[in-house]
Structures are given as C-alpha cells and as structure tokens.
Visitor: 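Pasting in a structure now, in structure tokens, and then I'll have a few things to ask.
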Protein chains: 2
Amino acid sequence: MTSDRLTIIEIAKQAGVSRSTVSRVINDDPNVHAATRQRVRSVMQKLNFQPNAAARGLAAGKTRILGLVIPMGVAALFSDPYFPQLIQGISAACNQHDYSTMLWLAEPEYERRTIQQIVSAGMVDGVIIASALTDDAVIEAVRTHKVPFVLIGRHPVYVDITYVDVDNRVSARDAVLHLIRLGYKRVATISGPLNMIGGLDRLAGYKDALKARGIVADPNLIAEGDFSEASGYSTMQQLLPQEPDAIFVASDTMALGAMRALREAGKRIPDDVAIVGYDDMPFAARSDPPLTTVRQPIHRAGFVGAETLMELISEQDAAPRRVILPTELVIRDSCGARVMREKKMRA
Amino acid sequence: MTSDRLTIIEIAKQAGVSRSTVSRVINDDPNVHAATRQRVRSVMQKLNFQPNAAARGLAAGKTRILGLVIPMGVAALFSDPYFPQLIQGISAACNQHDYSTMLWLAEPEYERRTIQQIVSAGMVDGVIIASALTDDAVIEAVRTHKVPFVLIGRHPVYVDITYVDVDNRVSARDAVLHLIRLGYKRVATISGPLNMIGGLDRLAGYKDALKARGIVADPNLIAEGDFSEASGYSTMQQLLPQEPDAIFVASDTMALGAMRALREAGKRIPDDVAIVGYDDMPFAARSDPPLTTVRQPIHRAGFVGAETLMELISEQDAAPRRVILPTELVIRDSCGARVMREKKMRA
DNA sequence: GCTTATAATGGGAGCGTTCCCAATTCTTTC
DNA sequence: GAAAGAATTGGGAACGCTCCCATTATAAGC
C-alpha cells in the first residue's frame with residue numbers, strides 16, 4: 001500500500017532534483033535552469049500533482065484566498081441578481097490570477113465569531129466587503145487587524161480606505177436632471193436605505209439635481225425604501241397622494257414594486273407618472289414598460305475589486321486606492337422621453 | 001517589538017499549561033479538567049486568540065471548509081435568485097457547524113485547473129456540486145479522487161451518489177394534472193435544458209400526466225428552453241402557432257418570458273392561455289397575473305446539502321444518502337383555477 | 001588556465017498545529 | 001495505606017511546504 005499522499009518530495013525524486021527545486025518551479029522562481037524546469041513540470045503533470053494548500057499557507061504565510069464578506073443586514077440585495085453578478089466578477093478575477101474565493105455571509109448572530117475567524121485565523125490574504133452598512137463591525141475589525149481589504153462602495157467616514165464604486169451621486173443627479181428636462185414638475189424619489197452609502201449618495205444626487213434647477217426639495221416627495229420590491233411597492237403607495245408626475249427610484253428592484261403600485265392605482269407609465277430606476281438589472285429591459293435606468297457595471301466592480309485587493313496584498317504598505325467605475329443612463333420607455341419625441345415629431 | 005503572531009504556545013504559557021492541553025481545549029477533547037479548560041478558555045478569549053487555519057489543516061488533514069462548485073455552463077441560473085438562496089442555505093449550515101464555504105464558479109476555460117485544485121490541493125474537506133450538467137467533469141473527478149461530495153439534484157446514471165433534490169418528476173406531473181383537471185385540452189410545455197437532470201425529470205413528469213389521462217403527447221407542444229427569461233420568450237413564440245390553451249413552464253424565470261410573449265401576442269392569461277411555472281421565485285407572486293407554480297425549498301436544499309456533506313465527511317465510508325425535499329403546488333391566478341371557481345360560484 | 005563572478009541546486013530549519021505515547025497526578029478499592 | 005486503575009497533562013515527532021544560506025556547476029575575464 002504505497003497510497004501515501006503525493007508530495008513535493010516524490011516529485012523531486014522522480015525528476016532527479018531536490019525539494020527546493022521543485023518548490024522553485026511551483027513558485028515560478030526564475031533561478032531554475034530551463035531544462036530542469038521542464039523536467040519537473042512534466043513529472044508534476046504526469047502525476048497530476050497539486051501542492052498542498054495548507055502546507056503552502058503555513059510555510060509562506062499566504063493562502064491565495066480572498067474572502068468575500070457580505071453582511072446580511074440587507075437581505076433584500078440577495079434576492080436580486082446584484083450579488084450573483086458581483087460574485088461572478090470576483091470569481092473571474094480569482095480564476096485569472098490563481099486565487100480562490102471564500103464566502104462569508106455574515107449573519108448577525110454569528111458575526112462575532114465570523115469576524116474573529118476572518119481577521120485572525122489567517123484563512124485569507126485579504127477581504128472584499130460588499131455593500132456594508134455605514135457602521136459595519138467587519139470594517140472596524142479588518143482595519144484594526146491590518147488585514148488588506150477593499151470595499152465595494154465607498155466609506156462615508158474613513159478616507160484612507162480602498163474602494164471600488166460608481167459615482168452614485170452624480171449619476172443619480174443626471175438621472176433626475178433627465179426627468180426635469182423632460183418637463184416633469186413634481187419629481188419624487190424612493191431612496192435606498194440611508195444606512196448604506198449607496199442609498200445616501202443617490203438621495204444626495206437627487207437633491208443636487210433639484211437645487212441645480214432652483215427647485216426647493218419637497219420632503220413629502222422623498223421616501224426611504226430598503227432596496228426590496230416590497231418596499232418599492234409600499235413606498236410608492238405612500239407617495240401617491242402627493243401626486244408626483246415622475247419618480248426616481250434608487251434601485252430597479254424597488255422600481256418594479258413602484259410600477260406595480262402605480263399599475264394597481266390605475267396610473268399609466270409614463271403618461272401619468274414617469275419612472276427612472278437604478279442598476280439596469282436584466283429584467284429592467286423587459287418590464288412593462290421597459291425601464292429607464294442608470295446602468296452600473298456590477299460584474300466589473302467585482303472583478304476590479306478583486307484585482308485591486310490582490311495588488312494591495314502584494315505591495316506592502318500600499319497606498320489606498322479609489323476606483324470609480326462609469327455609469328450610463330439607459331433611456332427606455334418608462335421616463336417618457338420616447339413618447340414625447342414621437343409626439344414632437346408628429347406635430 | 002513583540003508583535004509576533006499569537007500562537008497556541010503563548011496561550012499555553014499564560015494559562016500555565018502545555019501546548020497539548022490548549023490544543024485539547026480548542027478541539028473539545030473531553031480529557032481536560034474542567035477548571036483547566038476554563039482557565040485556557042478565558043486566556044484565549046482575553047487575547048482574542050484564533051488558531052491558525054493552515055496549521056490546523058496541515059496537522060489534522062481537515063480544513064473545515066466546504067467547497068461549493070457551480071458549473072457555469074448554465075449561466076442563466078445565475079441571473080435569478082436560485083443561487084443566492086442556495087448559497088444562503090449552505091452558508092447558514094456552515095455557520096451553525098463552524099465550517100466555512102469556498103466558492104468555485106467553474107468557468108469552462110479554467111475548469112481543468114480548478115478541478116485539480118478542488119480534488120487534490122486539500123483545500124476543502126468535501127464539495128457540494130450544484131446544478132451540474134448530466135455529464136459533468138467535476139463529478140467524475142471528485143468520484144475518482146474519493147473526495148466526499150453531494151449533488152444538488154440527482155444524478156441520472158450513478159446510483160451510489162449522495163444527493164439532495166425534490167421530486168421533479170412527480171411534482172411536474174401534479175402541476176400538469178392540475179391543468180388537465182381544469183379542463184385545458186392542449187397543454188404544452190417549455191422544458192428546461194435536457195442536459196440537466198431537472199429539465200429531464202420535469203419533462204418526464206409532464207409526459208406522465210398526459211399518459212395518466214390517456215392523452216397522446218404531441219411533440220409539437222413540447223419545446224426546450226434553457227431556464228433563461230429570453231428562452232422562455234422565444235420558445236413561447238415558437239409554440240404559439242400550435243395554439244395551446246395551457247402551458248407548463250419548467251422555471252418561473254422562463255414563465256416570465258413566456259408571459260411576455262403571450263402579452264405581446266395579445267393573449268390574455270389565463271383566459272386564452274393558462275400557465276404554470278416552477279420554483280416559486282419571489283417574483284412569481286407579484287407577476288401580472290400572479291403565477292401558479294411549484295414551490296421548491298431552495299434555501300433548505302442548500303442547508304440540508306451542507307449538513308449531509310458534513311456527515312459524509314465525519315463518517316468514513318458513509319453509505320450514500322438520498323434526500324428528497326417536499327414541493328408544493330402554489331395556486332395563484334395564472335392557471336385560471338380561481339377565475340373558474342368564481343365563475344362557477346356566480347352561476 | 002586560473003581566478004572571480006554568476007547561475008543552479010541542495011539541505012536545514014522553521015511555519016503552528018495535531019497526534020500519539022509516556023509521565024504524572026488523582027481516585028478508588030480492599 | 002498501598003496497589004491498581006482512571007483521569008489529566010506534557011513533549012516529541014510529524015504534517016508538506018517555503019525560505020535562507022551554503023554549496024556546486026557554469027560562464028566570463030584577463
């Protein structure tokens with residue numbers, strides 16, 4: 001029974017070299033003769049050898065694993081395709097750079113243990129924190145433990161943190177300006193949760209737009225949702241008595257809910273109430289009517305976030321980075337722009 | 001600078017015991033005096049000690065990490081809430097049992113490397129394979145390498161494999177029988193991809209139902225989709241000339257597409273064409289009209305799958321397990337059952 | 001051709017745990 | 001109160017790799 005685990009030593013033996021040389025080949029050390037490298041490689045290939053991850057991690061102090069932490073405070077996000085897209089981006093970057101992804105959904109009850117594990121068990125070389133609340137405990141923890149990390153979404157307070165984000169504020173402002181330009185007079189908004197930076201920034205953008213046009217923001221036209229369809233629905237109902245003629249909704253999922261409420265109230269979209277969403281989720285193009293929305297590159301954010309984290313890991317004392325990804329206002333039917341243009345052309 | 005990493009030895013020193021005893025406490029070995037255990041525990045707590053994962057993994061040969069492998073052949077699944085729910089279930093089980101989750105989205109190009117890594121780098125103690133194609137290479141690999149694994153969804157060929165699934169066939173049959181009982185004469189189906197066991201089984205269930213009622217299946221009323229909204233849409237268009245009066249769609253996401261096609265064709269649901277979906281995704285209850293569908297417990301499947309895998313890991317030579325989770329036909333408006341009942345009551 | 005620099009290689013010493021066996025300390029029993 | 005057994009504890013030897021330094025082979029320079 002020679003079914004011992006395959007180790008670097010066996011490879012060394014078969015290739016006629018030492019442990020060290022095999023290790024060098026594995027780690028792409030340039031100080032190996034080309035012929036030797038080739039020989040070692042082919043032995044590894046032949047035996048289907050894969051170096052033991054735990055041993056490498058222990059010896060080198062690096063695991064080549066990135067942690068993805070998703071605080072589950074806002075479970076709503078998990079019921080739409082936001083996270084799948086983000087995860088795909090991260091995973092693609094990991095595959096490309098020979099990293100793996102560890103996933104932690106931080107449910108509140110387990111959070112303390114989880115956090116400890118993340119920061120001090122040495123399981124991961126760094127972590128990506130997605131859509132954290134503004135006062136997230138995980139951020140605090142990785143910060144004090146000096147674990148490399150990047151946020152998906154900027155941080156409202158700390159300025160020395162690396163993050164990947166879109167310009168929520170400016171893109172929201174532009175979306176609202178689009179509505180104003182189309183002639184709507186009472187533009188309302190359903191914001192995201194205001195304990196998340198994205199929610200906060202998009203609301204600020206909404207206000208910026210009004211101010212830019214000299215319009216005084218009416219607090220009755222502003223309501224807070226939680227990114228879920230249900231909240232879009234109920235919040236829209238609550239807003240209806242204020243008779244808005246247009247509404248900027250901080251996520252497509254909520255926009256769907258809002259449209260459902262409008263439909264039930266007998267309002268036509270965009271004729272009675274125009275609507276603009278945010279995200280450009282796959283379903284936005286297929287809703288009835290198709291939703292005008294702000295497209296943000298979620299997959300790309302995950303990809304870039306992971307790559308940025310890898311850079312942070314390899315450079316010690318790397319300076320914090322801020323990556324802002326571009327957005328795009330996708331004009332479909334729900335904002336009324338098309339209808340109006342057609343009318344104008346007919347006239 | 002005594003900023004050396006905190007190890008078991010420091011804990012031992014401060015608690016006045018040996019390495020071994022600390023290790024015993026960490027691993028809940030009963031052979032430790034209660035008082036000693038207490039003392040060690042409090043020192044660990046005070047210093048916020050977390051044993052090094054790589055070292056444990058190396059020494060014990062166990063990582064307490066489960067791998068979740070999602071072959072990305074069917075990317076469609078990733079754009080609806082199926083995976084988020086599944087992942088949440090798995091993650092919840094892991095949290096509860098002190099495991100972590102490693103995530104691999106197996107993109108075809110990287111698959112070989114990824115597979116090797118999964119099976120022979122010792123990163124994980126076992127793997128969960130979700131929605132694999134029927135001839136998946138990953139399954140082959142974990143099988144020959146004797147890595148414990150469970151499938152989400154049964155395997156069409158191997159019978160000695162542990163899996164968690166719902167009874168796709170029977171539940172699909174019941175859904176179709178429901179339509180037949182309501183009096184529909186030309187019941188069509190949009191199946192899932194036929195290289196996935198779920199797609200296969202649900203189609204078989206459809207045929208079972210027809211046969212049970214002595215109806216000869218009309219191949220023109222059967223069309224294959226790929227679980228995506230777009231495929232639901234185009235497949236429905238293709239089916240329309242056959243003039244079905246009801247349709248069983250193998251996923252809610254496809255059902256959404258089918259409804260869009262029907263709407264565009266001027267068909268009323270359920271009056272002109274009744275429709276039944278599968279999954280009971282969150283959006284099914286809110287579609288227009290609300291979708292009658294087969295509810296399957298996705299979150300629970302993930303949870304149970306993870307727990308089952310943990311059992312497999314701890315018992316050597318465990319016998320394969322087959323877990324079948326219950327489904328439920330959720331009757332809403334799209335199948336016409338309510339409308340009919342109301343009509344009947346009025347009469 | 002001999003010295004010196006340089007490219008390749010080898011081997012010892014960890015990395016932080018667990019596991020096993022031996023040693024010690026309590027208990028129990030007669 | 002001594003012997004035997006059980007409960008508790010300690011320490012050496014892995015686990016499979018990387019890292020550093022020493023050594024050997026090769027190339028370059030005069």
Side-chain angles (χ1 to χ4, degrees), chain A residues 3-41 43-44 47-65 98 117 120-125 314 316, chain B residues 3-41 43-44 47-65 98 117 120-125 314 316:
Chain A
S3 85
D4 305 61
R5 262 175 133 300
L6 195 54
T7 82
I8 212 181
I9 296 190
E10 181 61 24
I11 305 297
K13 223 176 268 172
Q14 298 214 18
V17 296
S18 72
R19 247 169 50 256
S20 308
T21 300
V22 176
S23 173
R24 285 191 190 95
V25 172
I26 292 174
N27 294 290
D28 284 323
D29 186 317
N31 292 336
V32 179
H33 194 90
T36 312
R37 180 190 313 279
Q38 189 44 50
R39 192 150 29 95
V40 173
R41 282 249 171 82
V43 173
M44 294 200 296
L47 300 186
N48 243 314
F49 171 76
Q50 196 71 21
N52 180 277
R56 297 186 81 181
L58 181 56
K62 295 270 163 218
T63 57
R64 292 195 85 82
I65 297 176
D98 211 354
Q117 196 171 313
S120 51
M123 277 194 158
V124 297
D125 294 344
S314 55
Q316 66 294 42
Chain B
S3 83
D4 304 61
R5 263 176 132 301
L6 194 54
T7 83
I8 212 180
I9 296 191
E10 181 61 24
I11 304 296
K13 224 176 269 173
Q14 297 213 18
V17 295
S18 72
R19 242 167 55 256
S20 308
T21 301
V22 177
S23 172
R24 286 191 190 95
V25 171
I26 292 173
N27 294 290
D28 284 323
D29 185 318
N31 293 336
V32 179
H33 194 90
T36 312
R37 179 189 312 281
Q38 188 46 51
R39 193 149 30 96
V40 173
R41 282 248 171 81
V43 172
M44 293 200 297
L47 300 185
N48 242 315
F49 172 77
Q50 196 72 20
N52 181 278
R56 297 186 80 182
L58 180 57
K62 294 271 165 220
T63 57
R64 290 197 85 83
I65 298 176
D98 210 356
Q117 194 171 314
S120 51
M123 277 194 157
V124 298
D125 294 344
S314 54
Q316 67 294 41

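Chain identifiers are assigned alphabetically (A, B, ...) following the order of the sequence lines, protein sequences preceding nucleic acid strands; residue numbering begins at 1 within each chain.
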Visitor: Side-chain atoms of residues 54-61 of chain A: list all donor-acceptor pairs with protein atoms under 3.5 Å, sequence neighbours left out, distances to 0.1 Å.
Guide:
{"unit_1": "A:R56", "atom_1": "NH2", "unit_2": "A:N27", "atom_2": "OD1", "d": "2.8"}

Visitor: State, to the nearest 10°, the angle formed by the axis through the first five base pairs of the helix from C:dG1-D:dC30 to C:dC30-D:dG1 and the axis through its last five.
Guide: 30°

Visitor: With sequence neighbours excluded, give me every salt bridge (Lys or Arg N to Asp or Glu O under 4.0 Å) pair touching residues 18-28 of chain A.
Guide: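 The answer is A:D28-A:R41.
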
Visitor: Given D:dT18, D:dG10, D:dG12, identify the nucleotide with an atom nearest to the side chain of B:R19.
Guide: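 Taking heavy atoms from C-beta onward, the closest nucleotide is D:dG12.
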
Visitor: State which of C:dC19, C:dG10, C:dG16 makes the closest approach to the side chain of A:S18.
Guide: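 Nearest to the side chain of A:S18 among the choices is C:dG10.
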
Visitor: Between the protein and nucleotides 6-8 of chain C, which nitrogen or oxygen pairs are less than 3.5 angstrom apart?
Guide:
none

Visitor: List in chain and number order the residues that pass side-chain hydrogen bond (donor to acceptor under 3.5 Å, both in side chains) with B:S120, two or more places apart in sequence or in another chain; answer none if no residue qualifies.
Guide: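 In terms of side-chain hydrogen bond (donor to acceptor under 3.5 Å, both in side chains), with neighbours along the sequence ignored, B:S120 is linked to B:Q116.
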
Visitor: Any N/O pairs under 3.5 Å between the protein and nucleotides 20-22 of chain D? List them or say none.
Guide:
none

Visitor: Residues two or more places apart in sequence or in another chain: which of them pass side-chain hydrogen bond (donor to acceptor under 3.5 Å, both in side chains) with B:T7?
Guide: none

Visitor: Could you give the side-chain donor-acceptor pairs of residues 33-40 of chain A under 3.5 Å, partners two or more places apart or in another chain?
Guide:
{"unit_1": "A:R37", "atom_1": "NH2", "unit_2": "A:D29", "atom_2": "O", "d": "3.1"}
{"unit_1": "A:R39", "atom_1": "NH1", "unit_2": "A:A15", "atom_2": "O", "d": "2.5"}

Visitor: In whole Å, I'd like the distance from the NZ atom of B:K13 to the C1' atom of D:dG10.
Guide: 16 Å

Visitor: From CD1 of B:I9 over to P of C:dT17, roughly how many Å is that when rounded to an integer?
Guide: 8 Å

Visitor: Closest-nucleotide mapping onto DNA chain C: is A:A60 or A:R37 further toward the 5' terminus? I mean the 5' end.
Guide: A:R37

Visitor: B:N31: what forms a side-chain hydrogen bond (donor to acceptor under 3.5 Å, both in side chains) with it, not counting sequence neighbours?
Guide: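 Scan of B:N31 (side-chain hydrogen bond (donor to acceptor under 3.5 Å, both in side chains), adjacent residues dropped) gives none.
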
Visitor: State the CD1-CG distance between B:I8 and B:N52, to the nearest 0.5 angstrom.
Guide: 10.5 Å

Visitor: What is the distance, to the nearest angstrom, from the CG atom on B:N27 to the P atom on D:dT9?
Guide: 16 Å

Visitor: With sequence neighbours left out, what residues match B:Q14 under side-chain hydrogen bond (donor to acceptor under 3.5 Å, both in side chains)?
Guide: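 Expected list: B:E10.
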
Visitor: In residues 48-55 of chain A, what residues come within less than 4.0 Å of DNA chain D, judged by heavy atoms?
Guide: A:F49, A:P51, A:N52, A:A55

Visitor: Checking A:S314 now: which residues fulfil side-chain contact (heavy atoms from CB on, under 4.5 Å) with it, not counting sequence neighbours?
Guide: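 Counting only residues at least two positions away or on another chain, A:S314 forms no side-chain contact (heavy atoms from CB on, under 4.5 Å).
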
